[in-house]
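Data first, discussion second: the structure below is written as structure tokens.
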Amino acid sequence: MTEKNESVFDQTEEKDQTTNDEQSVENESVNQTDESTEQAQENLQDDNTEDTNTDVDPKDEEIQQLKKDVQENEEKYLRLYAEFENYKRRIQKENQTMRTYKSQDVLNDILPTLDNIERALQIDGEDEQFKALKKGVEMVHESLLNALNNNGLEKIETEGQAFDPNVHQAVVQDDNPDFESGQITQELQSGYKLKDRVLRPSMVKVNQ
């Protein structure tokens, strides 16, 4: 009976020893696998580092620098081109404005003469010689106006027109039942425009 128990005990010890040995082998195998994996990763990193170091070619660096220089020069050119185009358009606009209003100074100098002629035409007389003189002044006035109109001068409309502060200057207020409120009843001094620019507003009497 005792021999039988010892035999069973020995078998159990042998079985436990075998299991322990197998676990040791398995653990050792896992450790070896982990070490192999770590070593492979290190080798891969080393290979990548070596590849990176060996792949950098001075010619490639020079090409990249040349591309960068070309791009910077192209951007500078585009900026300069845009600035030049803006300058050219500005000069063209200024030249067009100068051509349009080139006669402005001369016309401003002539306006007082027109005023004097218009005042002279308002004088009445019964003498035949006076009437002939007045007729001649009217012809000169008409001829001068035609010449000025051909150079862009335009007289501003007044009587019967609605008052416009952009082209009219109200100097007197009127109370005339024949006109609506805000209408111009009388022109006191002629106003003129050059194209769309007011040279001088008309002095007018406005109905209240």
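Model, not experiment: these values are computed from the prediction.
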If we only count heavy atoms from C-beta on, is the [X] to [Y] side-chain gap below 4.5 Å?
X	Y	value
I110	N151	no
H141	L144	no
Q189	R119	yes
D174	F179	no
L133	D127	no
Y87	I91	yes

Which distance, rounded to the nearest 0.5 Å, do you find between the [atom1] of [X] and the [atom2] of [Y]?
X	Y	atom1	atom2	answer
R90	Q92	CZ	CD	11.5 Å
N176	I184	CG	CD1	13.0 Å
L121	K135	CG	NZ	11.0 Å
N150	S103	CG	OG	11.0 Å
K205	T185	NZ	OG1	5.5 Å

Taking all atoms of both residues into account, what is the closest heavy-atom pair of [X] and [Y], and its distance?
X	Y	answer
F163	V206	CD1-CG2, 3.6 Å
V198	N166	CG2-O, 3.7 Å
I156	S202	CB-OG, 3.6 Å

*Give me the one residue out of K67, Q71, Q65 that meets side chain to side chain contact (heavy atoms under 4.5 Å, CB included) with D69.*
Q65
_Does atom CD (Q129) have a neighbourhood of more than 12 heavy atoms from anything else shown, all under 6.0 Å?_
no
*Mark yes when over 12 heavy atoms from residues, nucleotides or ligands other than E62 sit less than 6.0 Å from its CD; otherwise mark no.*
no
Check for a donor-acceptor pair, side chain of [X] on one end and backbone N or O of [Y] on the other, with a separation under 3.5 Å.
X	Y	value
H168	E157	yes
R200	S190	yes
K131	G125	no
Q169	M203	no
N207	E180	yes

_I'd like to know if the side chain of N146 pairs up with that of E142 as donor and acceptor (distance under 3.5 Å, no hydrogens or angles considered)._
no
*List for me each residue that meets side-chain contact (heavy atoms from CB on, under 4.5 Å) alongside Y81, sequence neighbours excluded, and say none if there are none.*
Y77, E85
*Test L107 against Y192 for side chain to side chain contact (heavy atoms under 4.5 Å, CB included), laying out the working first.*
CA-CA 9 Å; L107 294 176; Y192 297 93; over 6 Å; no
*Do L145 and L114 pass the side chain to side chain contact (heavy atoms under 4.5 Å, CB included) test, and can you show the C-alpha distance, the side-chain angles, and the key distance before you say yes or no?*
CA-CA 8 Å; L145 280 178; L114 279 176; 4.0 Å; yes
*Taking salt bridge (charged side-chain N to carboxylate O under 4.0 Å, His left out) as the test, write out the residues that go with D164, two or more places apart.*
none
*asked:* Just to verify, what does K155 make a salt bridge (charged side-chain N to carboxylate O under 4.0 Å, His left out) with, not counting sequence neighbours?
replied: E187
*Hey, quick one: are V171 and L199 part of the same hydrophobic cluster, counting side-chain heavy atoms closer than 4.5 Å, chains of contacts allowed?*
no
*If Ile, Leu, Val, Met, Phe, Trp and Tyr residues are connected whenever their side-chain heavy atoms lie under 4.5 Å apart, and connections chain through other members, are V167 and L111 in the same group?*
no
